[in-house]
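Sequence positions, counted from 1, serve as the residue numbers for this chain.
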Amino acid sequence: MHLEALIFDWAGTLVDFGSFAPTQILVEAFKCFDLTLNLDQARSAMGIGKWDHIKAMLELPEVHAQFVALHDRQPDDNDVDRIYNTFLPMQNERVGEFSAAIPGARETLSWARRQGLKIGSCSGYPRLVLDNLLQHAHRQQVLVDYHVAFDEVPQARPWPAMALENVIRLEIRNVSACVKIDDTAVGIEEGRNAGMWTVGLLLSGNAAGLTELEFLALDETSRQTLRDRAAATFAHAQPHYLIDTVAQLPAVIEQINERMAQGEHPSDSL
């Protein structure tokens with residue numbers, strides 16, 4: 001047994017250091033409805049589909065109280081629709097602003113191909129936004145073999161449908177020969193639920209919420225503090241490995257191949 005495929009998330013994993021496109025624009029969309037949402041709140045439900053993400057934000061006690069004070073009623077799915085329909089074109093228009101490749105992404109993808117690995121991906125973005133993002137990614141040579149959006153499956157994260165769609169399309173023989181790489185706990189749960197190895201990213205994505213410049217400016221003590229805080233957000237999802245950024249992935253892939261050669265499976269460490 002050996003690995004056959006790597007399945008990546010996008011924002012905070014391959015592009016968009018700090019995962020700001022799904023969060024900052026969400027904050028701005030809520031502002032259009034006179035609702036105050038901060039970045040920490042927006043990050044609390046990251047990884048799920050954006051309609052569900054908006055619904056979760058309206059259920060936060062602070063945001064829910066604002067809505068009731070404004071409208072003298074409870075928010076419902078029609079309100080989620082209205083915010084989503086405002087958010088979607090904003091995100092599609094501006095996703096390119098947050099599409100810079102994360103350092104090491106191109107090199108890691110090239111390395112994986114040299115190892116004979118197939119490369120899949122999935123996203124909490126809808127297809128409209130993902131297609132836009134892919135254009136920016138391709139111009140930077142961040143290339144994958146397959147991609148699926150949350151609105152193309154019956155149930156997205158933490159359900160395994162997007163990960164398993166990659167297995168089908170990439171013609172993978174065994175789900176345990178795949179690795180899911182993500183910067184959110186719900187994305188790790190997706191991989192676990194699909195029966196895959198999982199790798200959580202501590203410092204390049206949602207868990208730390210840093211810009212690339214902020215990341216580079218940190219001393220090692222500060223980085224370790226952030227690692228510990230980010231690791232706590234992943235704890236319930238039980239990732240097999242935790243690394244800072246995708247640049248460190250090749251060493252992990254080699255370790256997984258060694259474990260598989262010894263007969264280990266992802267479920268062995270559940």
Side-chain angles (χ1 to χ4, degrees), residues 2-17 19 21-22 46-47 49-50 91-92 95-96 98-153 156-157 160-184 186-188 190-191 194-201 204-206 239 241 243 245-250 252-254 256-257:
H2 58 83
L3 289 175
E4 296 182 51
L6 309 181
I7 301 172
F8 292 88
D9 175 53
W10 279 96
T13 299
L14 292 174
V15 299
D16 186 7
F17 205 107
S19 195
M46 266 294 293
K50 293 299 164 269
Q91 187 172 60
N92 193 44
V95 70
F98 304 93
S99 63
I102 288 173
R106 285 185 296 266
E107 294 80 1
T108 294
L109 294 176
S110 295
W111 176 88
R113 286 197 170 88
R114 291 197 298 273
Q115 311 311 305
L117 293 166
K118 297 178 180 179
I119 300 172
S121 68
C122 51
S123 177
Y125 288 137
R127 173 52 62 181
L128 175 71
V129 178
L130 181 57
D131 280 345
N132 193 348
L133 176 62
L134 287 169
Q135 293 180 43
H136 294 279
H138 288 177
R139 284 196 285 269
Q140 300 173 81
Q141 296 302 301
V142 178
L143 306 171
V144 300
D145 302 322
Y146 185 70
H147 39 80
V148 59
F150 90 91
D151 56 350
E152 296 176 317
V153 296
R157 301 164 181 160
M162 286 197 293
L164 294 176
E165 180 70 11
N166 277 271
V167 171
I168 294 167
R169 299 297 182 179
L170 294 174
E171 299 182 357
I172 304 303
R173 290 170 292 179
N174 193 322
V175 292
S176 65
C178 299
V179 183
K180 176 68 200 304
I181 304 102
D182 207 292
D183 68 307
T184 66
V186 72
I188 295 301
E190 171 192 28
M196 300 177 177
W197 299 91
T198 56
V199 179
L201 303 179
S204 67
N206 187 69
Y241 294 89
I243 57 178
T245 77
V246 72
Q248 298 171 322
L249 186 62
V252 168
I253 299 307
E254 291 176 349
I256 294 174
N257 268 324

Query raised in the report: Is the number of heavy atoms from other residues, nucleotides or ligands under 6.0 Å of R139 CZ greater than 12?
Result: yes

Query - Where A112 and I119 come nearest, the two heavy atoms and their spacing - result: CB-CD1, 4.2 Å

Query raised in the report: Considering all heavy atoms of both residues, which atom of F17 and which atom of P103 are nearest to each other, and what is their separation?
Result: CD1-CD, 4.1 Å

Report task. Would you check if the side chain of Q140 reaches a backbone N or O of H136 as a donor-acceptor pair within less than 3.5 Å? Result -> yes

Query - N257 side chain to L3 backbone, donor-acceptor under 3.5 Å - result: yes

Query raised in the report: Taking atom CD of E171 and atom CG of N166, what is their separation to the nearest 0.5 Å?
Result: 12.5 Å

Report summary line: Taking every heavy atom of I243 against every heavy atom of T245, the minimum-distance pair comes out as CD1-O, 3.2 Å

Requested in this report: Run the numbers on L143 and R113 for side chain to side chain contact (heavy atoms under 4.5 Å, CB included), then give the verdict.
Outcome: CA-CA 10 Å; L143 306 171; R113 286 197 170 88; 4.1 Å; yes

Report summary line: Correct closest heavy-atom pair for I7 and A163 would be CD1-O, 3.8 Å

Report task. Enter the distance from M196:CE to I188:CD1 here, rounded to the nearest 0.5 Å. Result -> 11.5 Å

Query raised in the report: Can R127 and H147 be counted as having a side-chain donor-acceptor contact under 3.5 angstrom?
Result: yes

**Report entry** Derivation of the side chain to side chain contact (heavy atoms under 4.5 Å, CB included) call for K180 and E190
**Finding:** CA-CA 8 Å; K180 176 68 200 304; E190 171 192 28; 2.4 Å; yes

Report task. Please name all residues satisfying salt bridge (charged side-chain N to carboxylate O under 4.0 Å, His left out) with D183, sequence neighbours left out, ordered by chain then number. Result -> none

Report summary line: Residues passing the side-chain contact (heavy atoms from CB on, under 4.5 Å) test with A105, sequence neighbours excluded, are L14, V246

Requested in this report: Go through V179 and Y241 one step at a time and tell me if the side chain to side chain contact (heavy atoms under 4.5 Å, CB included) criterion holds.
Outcome: CA-CA 10 Å; V179 183; Y241 294 89; over 6 Å; no

Report task. Please tell me if the side chains of T184 and D9 come closer than 4.5 Å, counting only heavy atoms from C-beta onward. Result -> no

Query raised in the report: Quick one: OG on S19 to CE on M46, what's the gap to the nearest 0.5 Å?
Result: 3.0 Å

Query - Distance (rounded to the nearest 0.5 Å) between N174 CG and H2 NE2 - result: 11.0 Å

Query raised in the report: Do side-chain atoms of D145 reach the backbone of K118 as a donor and acceptor pair under 3.5 angstrom?
Result: no

**Report entry** Side-chain donor or acceptor of N132 paired with backbone N/O of L128 under 3.5 Å
**Finding:** no

Query raised in the report: Can you tell me if S121 uses its side chain to pair, donor with acceptor, with the backbone of Y146 under 3.5 Å?
Result: yes

Report task. Kindly say whether S176 contributes a backbone atom to a donor-acceptor pair with the side chain of W197 at under 3.5 angstrom? Result -> yes

Query - Backbone N/O of E107 and side chain of S110: donor-acceptor pair under 3.5 Å - result: no

Report task. Could you tell me the separation between the CD atom of Q248 and the OG atom of S204, rounded to the nearest 0.5 Å? Result -> 9.5 Å

Report summary line: What one should report as the nearest heavy-atom pair of L130 and S123 is CD1-CB, 4.1 Å

Query raised in the report: Out of Y125, W10, F98, which residue meets the side chain to side chain contact (heavy atoms under 4.5 Å, CB included) rule with P22?
Result: Y125

Report task. Without swapping roles, check the side chain of D16 against the backbone of A21 for a donor-acceptor pair under 3.5 Å. Result -> yes

Report summary line: The reported gap from CG in D182 to CZ in R157 (rounded to nearest 0.5 angstrom) is 4.5 Å

Query raised in the report: Side-chain contact, heavy-atom cut-off 4.5 Å: L6 with L249?
Result: yes

Query raised in the report: Between V252 and I181, is a side chain to side chain contact (heavy atoms under 4.5 Å, CB included) present by the stated rule, with each step listed?
Result: CA-CA 11 Å; V252 168; I181 304 102; over 6 Å; no

Report summary line: Taking every heavy atom of L164 against every heavy atom of A194, the minimum-distance pair comes out as CD2-CB, 3.9 Å

